[in-house]
Amino acid sequence: MALHHDEIVNRLKNEFGDEILGINVIERTEGVLRKRDQRSIAVSLTRKVFHRAVSYLKTMGTLHIACPMASREFDDYLELIYPFTLFSGEGNFSEIPVIVKVLLPEDDLSIRTVTDIIPGILFMERETMEMLGVVIEDIPDPRRLFTPGNLPDDFKPLRENPKEPEDDSQEIKY
Amino acid sequence: MSTRQTYPLHIGPTHPAFKEPVQFNFEIEGERVITCDIEFGYTHRAVEHIARERNFIQILYLLERICGICSVSHPMAYCLAVEQAAEIEVPPRAKYIRTIIGELERLHSHLLWTGVAAHEIGFDTLFLYTWNIREKVLDCLETITGNRINYGILTIGGVRRDITPDLYPVLQETLDYYYDVFERAREIILDNMSIQLRCKNVGILSHENALAYCAVGPTARASGVPRDVRVDYPVNAYPDIEWLKPVSPLDAGREPRGDVYDRMIVRVHEIHQSIDIINFCMENMPEGAVDVEPKATKMISTLKKVQGEGIGRYEAPRGEVSHYDILDNREGPLLMKVKAPTYSNGITWMKMFDNVEIADIPIVIASIDPCVACADRMSFVDSGGRRSIMTSADLHRLSVEKQRRIGK
Amino acid sequence: MITLILTLLMPAFVLVAGIVLGLLMKGVDRKFAAYFQSRIGPPVLQPFYDMGKLMMKQSIIPENAVTWIFKGAPVTALSSSVLLLIYIVVPYFLYLSGVNHFFLQAGDLIVILYVLAIPTVALVSGGFSSGSPYAAIGAQREVVLLMCVELPLAVTTITFATKMSAVCESCPSFSLTTIASHPVWNTMGPMGILGGMMLLLSFVFIVPAESAKIPFDQGEAETEIAEGLLAEYSGKYLAFIQMADGVKSLALVSLTVILFFPHGFTDLTGLRITGGGYDFTLAADVVLFFVKIFAVYFLLITTVRVIMARFKISQAAKILLLTITVVSLSGYMLIYLDTFISAL
């Protein structure tokens with residue numbers, strides 16, 4: 001049964017306390033004849049509790065991944081955004097997107113896989129690995145998904161300023 | 001019976017059963033599939049990368065070209081995401097027009113899929129029949145939007161063109177036509193003996209797997225997961241429709257098993273649902289403006305002031321389309337992340353290929369209505385140990401040179 | 001002497017006429033199928049244009065193919081198909097024209113059964129030798145299909161032979177001319193007619209299965225294994241295969257016509273057409289035969305392939321080995337009982 005959005009926020013706060021860096025609920029009204037409220041929860045937390053937080057979310061209801069991981073780059077760290085949704089398939093406006101944001105330091109871009117909790121996230125983690133250069137630890141299938149095999153390993157297409165490969169034999173033009 | 005002899009079979013990237021390039025590597029024993037692996041990336045056009053260099057309005061037309069069939073779904077999800085981030089309220093009439101166009105698109109997409117599925121199992125008569133009745137909705141879309149595909153009707157904050165009252169008869173005529181042919185089409189598609197022989201108990205995706213692997217759209221609904229963004233997280237006119245509920249194989253009196261036939265039932269019944277939704281929208285169409293800001297430049301400058309993030313979700317004919325956009329005082333989004341339904345459903349292929357025969361491969365692949373779309377205009381050439389990335393300008397130069405060589 | 005020349009000339013004539021007519025039938029078949037599918041369809045002569053185009057094209061032979069089998073298979077398929085057609089049609093027309101010749105004893109059903117397998121076997125060896133996995137899968141399927149269709153076909157043959165031996169004790173009972181001169185329907189009671197219907201029904205499946213048309217085109221299944229057997233063939237070899245396909249379909253349809261509807265013009269009307277001192281009955285027979293061939297082709301090949309989806313190979317094997325064999329066996333039983341009862 002779908003939980004109230006405040007309940008989700010409270011439970012997350014109780015469970016993880018200081019590990020939650022920020023949490024807010026975005027509300028929006030949809031519909032013309034029947035006005036209905038839509039809510040989504042954005043929560044940013046530390047990398048340490050990320051895996052535990054996702055499994056905790058799963059205990060609340062059906063956990064679904066809506067979109068591949070988005071990213072935002074700051075000076076010396078990268079914010080990885082996991083757009084999960086809760087209560088998908090329960091009808092009656094009950095689905096709540098829970099957007100989990102994790103900050104990763106630029107010199108240690110790695111995060112633990114959540115394929116053991118949501119097997120369906122595998123392709124998205126593979127894409128994150130090849131496109132952003134984030135190392136997903138313990139991923140069952142570390143191959144590339146979209147980019148061809150002869151793409152230089154240190155070239156990450158979706159970073160804002162992709163690094164030039166250091167190997168001299170590889171010449172890259174844009 | 002200890003020695004099992006298997007052999008590899010590669011299907012794709014080009015194969016008569018595929019409309020788009022994707023490669024499947026199977027390990028086959030006799031006629032049975034033992035393992036399956038999928039390779040994507042043959043059409044990766046790096047839409048997300050291109051989008052960074054375009055402004056908010058230009059992106060709309062880029063997104064329409066992600067997929068010709070979902071050419072409303074991607075801009076719709078993008079508009080919803082940007083509107084959520086910028087807190088723009090869409091006028092009621094625009095919401096209804098968006099719903100109508102979206103449902104017309106669903107109608108033609110499902111008819112198209114039925115034809116493709118029939119072709120995959122060698123039933124060309126049904127293929128031509130469904131494509132024949134699909135012409136009507138394409139004509140209708142052409143009359144309303146000006147184009148059969150890639151309508152270019154959506155914009156941030158509304159729609160670009162109104163459905164004027166003199167277009168109502170065209171719509172009504174289309175709806176009447178589909179109400180007329182639906183029963184006969186349903187009978188031809190679902191009650192056909194040879195279709196049932198080929199589709200029942202083939203490519204089964206169990207309820208648990210559908211949940212675990214995040215299947216979306218008709219693929220999930222056929223496995224008994226009532227997942228439909230129109231009901232779970234509705235936008236546009238969908239919240240107004242009280243009777244709207246996810247289609248399930250139970251509607252046809254069949255316990256959901258998650259096989260190809262169930263997916264067929266779901267799609268055929270959704271055709272009827274779409275007609276009903278369009279009918280509802282026409283009866284309850286509100287009056288008023290269709291756009292908050294008709295001038296594109298003004299809209300861009302408004303959006304330039306915005307900092308925020310938005311998630312846009314829309315139920316495309318193939319399943320859920322999600323966009324995640326980050327706005328950060330730029331002329332275009334800082335980041336745009338796109339998810340097409342096939343991205344979610346593609347991983348379920350691995351489960352569906354448990355124990356199917358070679359003959360079932362095309363219909364199982366087709367059963368999720370694949371749309372292998374995303375990618376880059378790059379080519380990687382490996383010559384003499386030096387690897388280099390060719391840009392489109394380089395490719396153009398090379399082809400001009402070759403043309404000159406041939407011409408001599 | 002004239003008889004001898006006629007006998008020698010006729011096969012040569014059948015060779016040319018068979019290929020032309022086989023291709024023409026393909027064109028008509030495509031036109032009819034297009035009509036069913038609310039399309040315009042290609043011109044009736046399209047198969048001839050295709051032949052012309054294919055003959056001009058380069059024939060590519062795969063590197064890892066066994067060249068001599070790969071090249072020999074299409075020719076073998078075409079020549080054996082023509083042989084089959086000659087063996088089926090010539091005795092029938094000799095019988096109709098009233099020429100008494102050793103060929104009359106020759107149209108033997110058992111031989112036909114064997115010759116019928118040769119084009120398929122040739123194509124299968126061509127497929128296996130072409131070194132493509134698709135062709136290998138197609139060839140495997142074709143072999144399965146060949147083995148499965150043999151049983152109901154054998155049952156039908158035996159039924160006819162049993163019936164013929166009861167009808168005419170002195171005639172060779174496996175001979176096509178015997179069957180042609182004693183049409184099955186004429187000498188049967190209601191039970192026998194029902195049995196004949198069942199045999200005809202089994203032919204509705206046997207003919208598409210033998211000629212590899214939908215729903216039994218697993219060997220070449222375009223969307224599954226990319227034309228399977230024919231995947232590697234191109235140019236004139238493909239043209240030979242297509243001609244062989246046309247001729248084989250024609251031969252199968254002729255066989256069906258001769259087995260089930262052998263009635264000549266005189267048999268039907270009791271008249272002979274004469275004019276200017278010449279007897280035109282044979283001409284009328286030829287026209288009648290063509291009409292019957294087109295009708296049977298339309299019903300057994302075009303209609304079936306338009307209203308069905310392709311079966312899986314396991315389903316096809318099951319249907320042919322169980323359902324169709326049971327149907328033909330019960331046809332045999334009924335006809336046997338009918339003969340037995342009428343003999344009492």
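Remember, it's a predicted structure, so these values are computed and weren't measured experimentally. Here is how names work: the chains are called A, B, and so on, in the same order as the sequence lines, proteins then strands, and each is numbered from 1.
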Chemist: Just so I know, are the side chains of B:Lys337 and A:Ile81 near enough to count as touching, which here means a heavy-atom distance under 4.5 Å?
Modeler: no
Chemist: If the threshold is 4.0 Å, N to carboxylate O, is there a salt bridge linking B:Arg227 and A:Glu95?
Modeler: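 Salt bridge between B:Arg227 and A:Glu95, a charged N being under 4.0 Å from a carboxylate O: no.
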Chemist: Can you see which heavy atom on B:Pro92 is nearest to which on A:Val32, and at what distance?
Modeler: CB-CG1, 3.7 Å
Chemist: Taking C-beta and beyond as the side chain, do A:Ile26 and B:Glu309 meet within less than 4.5 Å on heavy atoms?
Modeler: no
Chemist: Taking every non-hydrogen pair under 4.5 Å, which of A:Ser71, A:Pro83, A:Pro119 racks up the most with chain B?
Modeler: A:Pro119
Chemist: What closest approach, in Å, do B:Leu335 and A:Ala70 show between heavy atoms, and which atom pair accounts for it?
Modeler: CD2-CB, 3.4 Å
Chemist: Given heavy-atom pairs under 4.5 angstrom as the criterion, report whether the side chain, backbone, both or neither of A:Thr29 touches chain B.
Modeler: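 Just its backbone gets close to chain B.
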Chemist: Show the nearest heavy-atom pair for residues B:Leu334 and A:Arg72, with the distance to one decimal.
Modeler: CD2-NE, 3.7 Å
Chemist: Return the minimal non-hydrogen interatomic distance between B:Ala212 and A:Ile118, and the atom names on each side.
Modeler: O-CG2, 3.9 Å
Chemist: Taking only Lys NZ, Arg NE, NH1 and NH2, and the carboxylate oxygens of Asp or Glu, determine whether B:Glu87 and A:Arg28 approach each other closer than 4.0 Å.
Modeler: no
Chemist: Less than 4.5 Å apart, any side-chain heavy atom of B:Tyr324 and any of A:Ile99?
Modeler: yes
Chemist: Using a 6.0 Å cut-off, check whether atom CG of B:Asn329 has over 12 heavy atoms from anything other than its own residue.
Modeler: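 Above 12, so yes.
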Chemist: For chain A, find which of B:Lys245, B:Met336, B:Lys95 contributes the most heavy-atom pairs closer than 4.5 angstrom.
Modeler: B:Lys95
Chemist: If you measure only the distance, is there a donor-acceptor pair under 3.5 Å linking the side chains of A:Glu127 and B:Tyr343?
Modeler: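 The answer is yes; a qualifying pair exists.
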Chemist: Is B:Ser344 close to A:Met124 at the side-chain level, that is, under 4.5 Å between some pair of heavy atoms?
Modeler: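 Heavy-atom side-chain distance check passes, below 4.5 Å.
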Chemist: Looking at side-chain heavy atoms only, is the closest gap between B:Arg313 and A:Thr85 below 4.5 Å?
Modeler: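 Result yes, sub-4.5 Å side-chain heavy-atom pair found.
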Chemist: What part of A:Ile117 lies closer than 4.5 angstrom to a heavy atom of chain B: side chain, backbone, both or neither?
Modeler: neither
Chemist: Please report the closest heavy-atom contact between A:Ala66 and B:Ser322, naming both atoms and the distance.
Modeler: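 Looking at all heavy atoms of both residues, the shortest contact is O-OG, 2.9 Å.
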Chemist: Quick check on A:Ile121 against chain B: is it the side chain, the backbone, both or neither that has a heavy atom closer than 4.5 Å?
Modeler: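 Interface part for A:Ile121: neither.
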Chemist: When you measure from the side chain of A:Arg34 to the backbone N and O of B:Pro239, does any donor-acceptor pair fall under 3.5 Å?
Modeler: yes
Chemist: Looking at A:Arg143 and B:Asp37, does any basic side-chain N land under 4.0 Å from a carboxylate oxygen?
Modeler: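 Counted as a salt bridge, because a side-chain N and a carboxylate O are separated by less than 4.0 Å.
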Chemist: Between A:Lys101 and chain B, which part of the residue has a heavy atom less than 4.5 Å away: side chain, backbone, both or neither?
Modeler: side chain
